[in-house]
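Here the structure comes first, spelled out in structure tokens, and everything after it is commentary.
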Amino acid sequence: DRNGRVFMSSARTRESTLGDIHLHLTTEDNESYKNAILFRSYLINHPVEKQQYVNLKHRILEMVGQNRAEYTKMKKAFIEKIVKLAKESP
């Protein structure tokens with residue numbers, strides 16, 4: 001059990017030559033789903049933070065290349081900050 005989530009990736013398969021595909025499946029009552037929606041909605045409504053996230057992702061990619069685990073780890077603090085802000089927003 002991955003906290004009520006199923007994750008699938010095309011990484012390291014022949015089909016991934018045009019870019020990896022990552023698919024997360026969960027139910028609507030799952031905390032991961034709720035946080036993902038909060039994160040997405042906050043960035044839609046806050047263009048400055050959205051651009052910060054885009055810039056962060058590019059910087060991290062330059063630093064870690066194809067190391068997916070490190071890439072995910074380095075985005076975590078920003079994502080958690082945005083989710084917290086979203087939960088505190090009216």
Side-chain angles (χ1 to χ4, degrees):
D1 180 37
R2 292 178 51 114
N3 299 320
R5 296 181 304 137
V6 175
F7 172 73
M8 293 178 270
S9 172
S10 67
R12 297 181 186 79
T13 66
R14 288 185 199 159
E15 294 82 17
S16 69
T17 58
L18 297 176
D20 291 340
I21 298 167
H22 297 103
L23 179 64
H24 299 259
L25 301 174
T26 185
T27 57
E28 289 181 359
D29 62 340
N30 185 283
E31 192 69 21
S32 294
Y33 173 81
K34 292 175 185 176
N35 288 342
I37 297 302
L38 283 169
F39 182 75
R40 180 207 63 188
S41 298
Y42 192 89
L43 292 185
I44 287 170
N45 293 304
H46 296 85
V48 171
E49 287 82 355
K50 177 182 176 182
Q51 190 59 51
Q52 289 173 346
Y53 185 56
V54 169
N55 295 343
L56 174 66
K57 290 173 64 161
H58 287 287
R59 283 195 313 272
I60 293 170
L61 188 57
E62 289 175 8
M63 289 187 286
V64 302
Q66 297 301 314
N67 184 336
R68 185 78 185 161
E70 194 63 26
Y71 176 79
T72 300
K73 179 178 160 187
M74 292 178 76
K75 295 187 310 177
K76 185 177 180 179
F78 183 88
I79 293 169
E80 289 175 346
K81 177 181 89 170
I82 295 299
V83 169
K84 183 176 187 242
L85 287 170
K87 287 179 177 179
E88 294 170 351
S89 293

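The structure displayed is predicted, hence computed values, not measured ones. Positions are given from 1, in the same order as the sequence printed here.
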Report task. Under the side chain to side chain contact (heavy atoms under 4.5 Å, CB included) rule, what do Leu43 and Phe39 come out as? Steps first, then yes or no, please. Result -> CA-CA 6 Å; Leu43 292 185; Phe39 182 75; 3.5 Å; yes
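- Taken from CD in Glu70 to CG in Leu61, the straight-line distance is 12.5 Å, to the nearest 0.5 Å.
- Residues passing the side-chain contact (heavy atoms from CB on, under 4.5 Å) test with Asn45: none are found, sequence neighbours excluded.
- To the nearest 0.5 Å, atoms CZ (Arg68) and OG1 (Thr72) are separated by 4.5 Å.
- In this structure, the side chains of Val83 and Tyr42 stay at 4.5 Å or more apart for every pair of heavy atoms.
- In this structure, NZ in Lys75 is found 8.5 Å from CG in Leu56, a value given to the nearest 0.5 Å.
- Scanning for side-chain contact (heavy atoms from CB on, under 4.5 Å) contacts around Gln52 gives Val48, Glu49, Phe78, with sequence neighbours left out.
- Note: Ser89 OG to Ile82 CD1 = 9.5 Å, rounded to the nearest 0.5 Å.
- For Glu88, the salt bridge (Lys or Arg N to Asp or Glu O under 4.0 Å) test picks out Lys84, with sequence neighbours left out.
- The CG atom of Asn35 sits 9.0 Å away from atom CG of Asn30, with the distance rounded to the nearest 0.5 Å.
- Across every non-hydrogen atom of Ile79 and Tyr53, the tightest pair is CD1-OH, 3.9 Å.
- Applying the side chain to side chain donor-acceptor pair (under 3.5 Å) criterion to Gln51, with sequence neighbours excluded, gives Asn55.
- Qualifying salt bridge (Lys or Arg N to Asp or Glu O under 4.0 Å) partners for Lys57, counting only residues two or more places apart in sequence or in other chains: none.
- Counting only residues at least two apart or on different chains, the salt bridge (charged side-chain N to carboxylate O under 4.0 Å, His left out) pairs with a member in residues 26-42 are Glu31-Lys87.
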